[in-house]
Amino acid sequence: MEVLVINCGSSSLKFQLINSDNEKVLAKGLCERIGISGSAITYESVNCEKNTKEIDMPTHNEAITAVISALTAENTGVIKDMSEVGAVGHRVVHGGEYFSKSALVTEDVLEKIEKCNNLAPLHNPANIIGIKACMKIMKDTPNVVVFDTAFHQTMPEEAYLYALPREYYDDYKIRRYGFHGTSHSFVSKRAAAICGKPYNELKTIVCHLGNGASICAVDGGKSVDTSMGLTPLAGVIMGTRSGDIDPGILEVIANHTGKNISEITEILNKKSGVAGLSGVSSDFRDIEKAISEGNENAKSAFDAYVHTVVKFIGAYVAVMNGVDVIAFTAGVGENNGHVRKDVCSHLKYLGIEIDDEANSKRGEEVMISTKESKVKVYVIPTNEELAIARETVEVLA
Ligand code: AMP
């Protein structure tokens, strides 16, 4: 069956049409500047190269209509009409405590997603707009929601509770939720398949290192701890996000600068991380170039980044009382051999040995540890769209 995967932001909509039988991507693209002047759709398919067309998209309804037109266009399209699409799979960022797995969209499901809006105010409302647009325009097509948080709902209480007055959890549901769950689930399952061990017997640490980054301890197929928290600001240092900091820092910054909580949170989200520390860029390619030119701030940002990744891996080895597999994924994890090498150089105590030649590869599935290494280390490219398509099919089965 053909599954349309939708990842909806407040002014953008990414899509992929995937054949769930052979898992081939038939078409993909992006609608940008929805609701803003100069909106455009970028589209590519098995029948055409990437091209961008300006189309007026005042709301997400016009964006969905533009996606349908592109998918059904005479020469460049890949289907005759939308009846060929068996289901739509939507990425939804926050499912709170309501969702521990993907779900078929119903009124009740939509209401619960709406109740999580305050936990992800930038993302959930946009996700809902995308779902409603699809429901309106493709009336007969089932919609499935796949949550970034769902995979982590298996975390035990001791991993998700913050040591705050208990009523903040009871009344406001302030706790660790974790994100990138679709990726952590996809990669940890793939790791088990590659090493030929049963998923429910394997201890895996997944390092999803992209612009946003999180680390997850997967014990027997279940997320038992993860580095992001109530929000995706927590955990390891990221491209522009600070990751974990002493919470007391907020008041100190406020006293120095006169900024309010929202302004400081914006700085922690957008002006911190390797970008803030290096003063160069959030992009690791720029960081590495700057290091090669002798930029010391870039080098110290790189080292601090590696340090936080190492710390979380160590913590999760302790949490799981061991580890069988470490997997690197996402932009940095898949492409940056220096980060992987530096991280693993701190893991010799686990009996990890890295094969430099294998580690020099980028963007492909490869074992980067030697055959003798006690813990297997892999690079496993993540594929969140494919994972969403698989989940969608599973929910409808
Ligand atoms: P993501 O958020 O997963 O797209 O990851 C973005 C990060 O991945 C950026 O810091 C990039 O430097 C890094 N990245 C993406 N592609 C490459 C590549 N081909 N080579 C090196 N780094 C890359």
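Ligands are counted one by one from 1 in listed order, and the atoms in each one are counted from 1 as well. Computed from a prediction, not measured in an experiment: that's the story for all the values here.
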For [atom], closest protein heavy-atom neighbour:
atom                    : value
atom 13 (C) of ligand 1 : Gly331 C, 3.7 Å
atom 16 (N) of ligand 1 : Asn335 ND2, 3.3 Å
atom 7 (C) of ligand 1  : Val332 CG2, 3.7 Å
atom 10 (O) of ligand 1 : Phe284 N, 3.0 Å

Of Glu391, His90, Arg390, Glu394, which meets side-chain hydrogen bond (donor to acceptor under 3.5 Å, both in side chains) against Ser102?
Glu391

Test of understanding: given a 4.0 Å heavy-atom threshold, classify the contact between Arg362 and ligand 1 as side chain, backbone, both, or neither.
side chain

How are the rings of His152 and His184 set to each other: parallel, tilted or perpendicular (split at 30° and 60°)?
perpendicular

Mind telling me whether Tyr177 and His94 have parallel, tilted or perpendicular rings, with 30° and 60° as the class edges?
perpendicular

Treat each ILVMFWY residue as a node, draw an edge where side-chain heavy atoms are under 4.5 Å apart, and state whether Ile131 and Leu13 are in one component.
no

Are any of the heavy atoms in Ser282 under 4.0 Å away from ligand 1?
yes

Looking at ligand 1, is there an atom of it that comes within less than 4.0 Å of some heavy atom belonging to Asp283?
yes

Considering the heavy atoms of [X], write down every atom of ligand 1 situated less than 4.0 Å from one of them.
X      : result
Gly210 : 1 (P), 2 (O), 3 (O), 5 (O)
Asn211 : 1 (P), 2 (O), 5 (O), 6 (C)
Ala330 : 3 (O)

So how far is it from Ile287 CD1 to Asn297 CG, rounded to the nearest 0.5 Å?
9.5 Å

If you count heavy atoms of other groups shown closer than 6.0 angstrom to CG of Asp246, is the number above 12?
yes

Under 3.5 Å side-chain donor-acceptor pair for Thr106 and Asp108:
no

